[in-house]
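Below: one structure, written as structure tokens.
Just so it is clear: chains get the letters A, B, ... in the order the sequence lines come, proteins before strands, and each one is counted from 1. Not measured: the values here are computed from a predicted model.
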Amino acid sequence: MIPQEVKSTGSVGKLLSSPTNENETESVYSRINCSFTNLSERFGHHSKDYSKQFAHIYAVRLTKMRELLNKRIHNKWGPDVRIRKLHELQEEESRKCVVLGTLFKHQEMKPSILKEISEEHQLIPQPPRTHFFDDSDQLILEDELQRIRLVGNLDVHLVVTGVVCAVLGNEDGDGKFLVDDYCWAGVSEPIQHPLQSNDERFVVLLSGLDLANSGDTLLPFQLFIDWIGGFLGDMGEQEHQACAVRVLIAGNSVKGCGEHKAPVLHNTYKTDVGDAITLDATKLLDDFLVQLTSSIDVDLMPGEFDPSNHTMPQQPLHYCMFPQASVYQTLHGVPNPYECEIGGRRMLGTSGQPIDDISRYSKLSDPLSILQLTLEWAHLTPTCPDTLSCYPYYQEDPFIISECPDIYFAGNQPQFQSKLYEGPEGQQVRLICIPAFSKTHSCVVVNLKNLDCYTVRFDASDSMGPGLDK
Amino acid sequence: MDVQSVKLYLQNIEEYVMDEDKIVTYKWLSKNLGIHVNTAKQLLYTFATEQKINVNLTYLVGGVLCDGTGCKVQIVREEDLEKAKAEFKALTSEHVYSVQKAKILPDLGVLYAVDCHKRDENEDGKRLSAITCSHSVLRPQEEIGRLRLKARAATSTRDAKRWPTGHAPSKKTAEAHSNSEVASTDGSKGKNGTKKKELNTGIAAMFAAQTCKTKQGGPNEKPKAAENSSDKPKTSSGITMFFNRQTEKPIKPSVSAPKDSPSSGLSPKDSHGNEVDASCASEKLKEKQEGNSNKKGKVSSNVKNSSIKNTEQKWGGGKGKRVNTDEKLLPAKKRKRIVVVSDSEDSSDDDVFGRDGGDAPDMPPLPEVAPHHESDTDDVIPPTPEAELKRGRKRVRKMKDKTYVDEDGYILTCKEYVFESCTDSEVEQEKENEKKLSKGNCEQFETKKSESVKPVSKEPPAKKKASPQKTKQATLMNFFKKSI
């Protein structure tokens, strides 16, 4: 997992000498070129039709995922297990069978606008909650026509609304379904992409620059840019950096957190500070991006707090916001979620909202395990459109993971986490939680050849500070 | 790199560091001297070793960390270098990052500022780096255009929406203004008895000629009255009648303007005295205008109004009357405000000019300018807020009273407190109040007031009557003169 080992140490310190032979030190490396295909078309908005109800998404999701699930069911429980619809359950008379459906989690704590309105004139405003699970949560399985309460072997706290699954069990007398076992749609079979070449290639991932709020991110980020651009470091380091083929910025570059609502006096003159901050941060981002794009391909994803639309899928940040950087062909505004293929490796990921949302509505708290679960559920954002806003799709659900990615990431997580997920059919997926740069000052480097991955931290903090006394 | 140029570069660095007291980073140096970044690092190192005692260094170290958390690239101070290096399992980079004279850099963040300044000046710094990117090419112009076009399409509808609401109306108002102003100036000229009509052209000239007629027929000081009562029958054939009416209509607004302008221009502190002046003057004006025939009726109607209001506002008890005077002034002003929408900062100048500006009327081209100016201010300062500004406290106070009464009559003490906060107006109010209380009659009140301020108001009425619009023109002219 640790990079390039001691390969380049031979040249370290060469720059601590007088300039003598320019051939030796003034070497210029050429950035490696790498094949690239953007596979995110399904996340683009072709027409904007907001007249549809959200129920269609669930319907489409269920139909599509039924196909995926059928295969799994027979793999898992044998070919002769009976798959029934909910309305056929009665005929089964408590014999074991499999039902398919979308999970719905009944949560008392879930914020509801109707509830808020009806309880408006009640006593004390409750403190705002950040998590909404409760021990009274109930799990309900819905198919096209009916719903049934699930009890038994499926922990309500480890799933969320919107997950499509198959449960094996039998109906007990009083209209509940007793679950013996369950089955996710799972990771689809790996598609063997031939790697473009066996040379070392790197993709650099980062997220959460949060330029609106961070003075102390600027120098580390500048270091990052110098590092990528071949300014920093010894020749060995620079040679190594020439193998980096792409930088992916996974959201929240402009802003990393919501507005802090400071108490204000009403009827006083208000300057629109928030907008000004966003504007300045966008300009700053442009300043940084132009340095990056002049030396490497950059994919720029919008994040939850970026100036893009808020509903999933978020549309690319507009080029107009980056007048300097957008003159380079190397700036690619991409949507969130984002899928692409770089040098034969398929990358898929989001800016992190689905992970955050799932952790709010379940007892799952580890971002990496949530990331893995969404992979196993074969759905990028199961909580869309329930608790995560999304475009009202009605003929498709673009968030279904129907093809197995090689790299699956989520941006804006509190810390770096990574894991090589190995599926039952030999799939290998590199799961990555990209830390927020503003908090950790680190980026993630992924080796496309062997899916190795490590962080690089850029530190300019005071050496005397506690940070270095490890 | 030969020894000569190295020496030269080192001298350069010495200049930067020692004489100019700069923080010299390798990147800054590389850009500034146009040399490869690695050479710049070496130069800095050479320089630093030569000047060991006098300068302070920061190093950049990079490598694989011992604790297995990945790599790290770090800027460290010279004194921490060894300690920092101990953290790394394997070092991949070590070079001088910056040289500076300052012994202690309190915050390494300043290093960012050094390069940050340089960024926009030199855009071809790319070739100085150790990595070139062949596919980082500029987008063709068409492609950029296409990207921008997309943006324009998205915003175009909004623009289309905005223009009609934002600008077309203002144009309309501007037109309206110019119309009314042309009309009123002509009308007022006639009233004023000044002989400047020759300067008018076109329609204006027609108006002027027409008003001239009326003037000739009527008494000079009270042309309006003349128009209204005695003269009209004499002078007016069908067509002139028509014009007469036209000129008359704008007159109301025009008369209103002087009232409005002084009050609008005054700062809240000293506004009240002047305001009363103005209102008195204008009311006097009105009286004159109404002529003898109208006067009685008008006043009585005034009284009626006030008495009605009195009854309406009895809730306030003693204070109700106070507000009452307020109220009485307000309706008139309100009406005025509607017509002369915004009469902004320079209106105080207006006032001054109106008093001493005998030359005001001989600026005929100005009506053209004034409307534009006005429409501009229209855009900047919406009328309603201005109106509130003008009379801010009083009005706010009044509003509050009303709500309080609805809910709880006892809160009226609050009102008292607010009154005291603006003392000038308070005094005036009190005066008025006394008068009101003693007579309870609007007419009486007016006369008293006018008497008290007569020395000041005597002249203004004539001028104001002459034309508010003219005073406005005058203001503009005044403004120009001053500025020149």
Side-chain angles (χ1 to χ4, degrees), chain A residues 2-3 5-6 8-9 12-13 15-20 22 25-31 33 216 218-219 222-223 226-227 229-238 241-242 287 293-297 318-320 326-330 442 454-464 468 470, chain B residues 1 6 26-27 30 36-39 41-43 45-46 60 62-65 67-77 80 83-84 87 89-96 107-109 111-112 115-116 119-120 126 128-139 143-144 147-148 150-151:
Chain A
I2 289 305
E5 286 311 326
V6 199
S8 48
T9 42
V12 171
L15 294 178
L16 298 176
S17 64
S18 315
T20 45
E22 53 189 272
T25 56
E26 295 202 357
S27 44
V28 173
Y29 308 96
S30 163
R31 170 96 51 213
N33 217 334
D216 57 342
L218 299 180
L219 185 57
Q222 186 60 53
L223 283 180
D226 292 346
W227 176 72
F231 289 96
L232 272 189
D234 281 23
M235 286 81 73
E237 183 95 44
Q238 290 165 347
Q241 283 317 308
D287 286 341
T293 50
S294 62
S295 75
I296 195 168
D297 279 298
H318 203 281
Y319 290 104
C320 267
S326 62
V327 282
Y328 287 102
Q329 281 184 339
T330 38
S442 22
Y454 60 92
T455 59
V456 180
R457 186 143 61 97
F458 298 89
D459 207 340
S461 61
D462 210 316
S463 324
M464 274 93 82
L468 277 181
K470 293 177 190 171
Chain B
M1 187 173 287
V6 169
Y26 77 92
K27 206 179 163 196
S30 143
H36 191 280
V37 280
N38 290 354
T39 313
K41 293 168 196 167
Q42 287 179 313
L43 280 171
Y45 176 78
T46 316
L60 182 123
V64 185
L65 287 170
D67 55 7
T69 54
C71 293
K72 187 170 174 183
V73 174
Q74 186 182 17
I75 300 176
V76 291
R77 294 188 179 83
D80 304 315
K83 204 170 90 189
E87 267 191 280
K89 190 164 73 186
L91 220 56
T92 55
S93 296
E94 181 186 2
H95 64 74
V96 179
D107 182 7
L108 289 173
L111 293 173
Y112 168 74
D115 291 328
C116 167
R119 191 179 305 145
D120 31 18
K126 177 171 65 166
L128 302 171
S129 94
I131 297 176
T132 58
C133 183
S134 56
H135 47 283
S136 159
V137 286
L138 299 182
R139 283 181 210 273
E143 197 183 341
I144 297 175
L147 293 171
R148 301 269 153 84
K150 222 166 117 194

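Taking CG from A:Leu223 and CG from B:Leu60, the interatomic distance works out to 6.5 Å, rounded to the nearest 0.5 Å. Taking OG from B:Ser30 and CZ from A:Phe231, the interatomic distance works out to 6.5 Å, rounded to the nearest 0.5 Å. Residue A:Gln238 holds its CD atom at 4.0 Å from CG of B:Asn38, rounded to the nearest 0.5 Å.
In this structure, A:Asp234 contributes its side chain and B:Glu94 its backbone to a donor-acceptor pair below 3.5 Å.
Between chain B and the residues A:Thr330, A:Leu232, A:Ile296, the largest count of heavy-atom pairs under 4.5 Å involves A:Leu232.
Here the side chains of A:Glu237 and B:His95 are not in contact, with every heavy-atom distance at 4.5 Å or above.
Shown here are the side chain to side chain donor-acceptor pair (under 3.5 Å) partners of A:Thr293, two or more places apart in sequence or in another chain: there are none.
Of all non-hydrogen atoms in B:Cys71 and A:Tyr454, the two that sit nearest each other are SG-CE1, 3.7 Å.
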Go through the steps for B:Val37 and A:Asp226 under the test side chain to side chain contact (heavy atoms under 4.5 Å, CB included), then give the verdict. CA-CA 11 Å; B:Val37 280; A:Asp226 292 346; over 6 Å; no
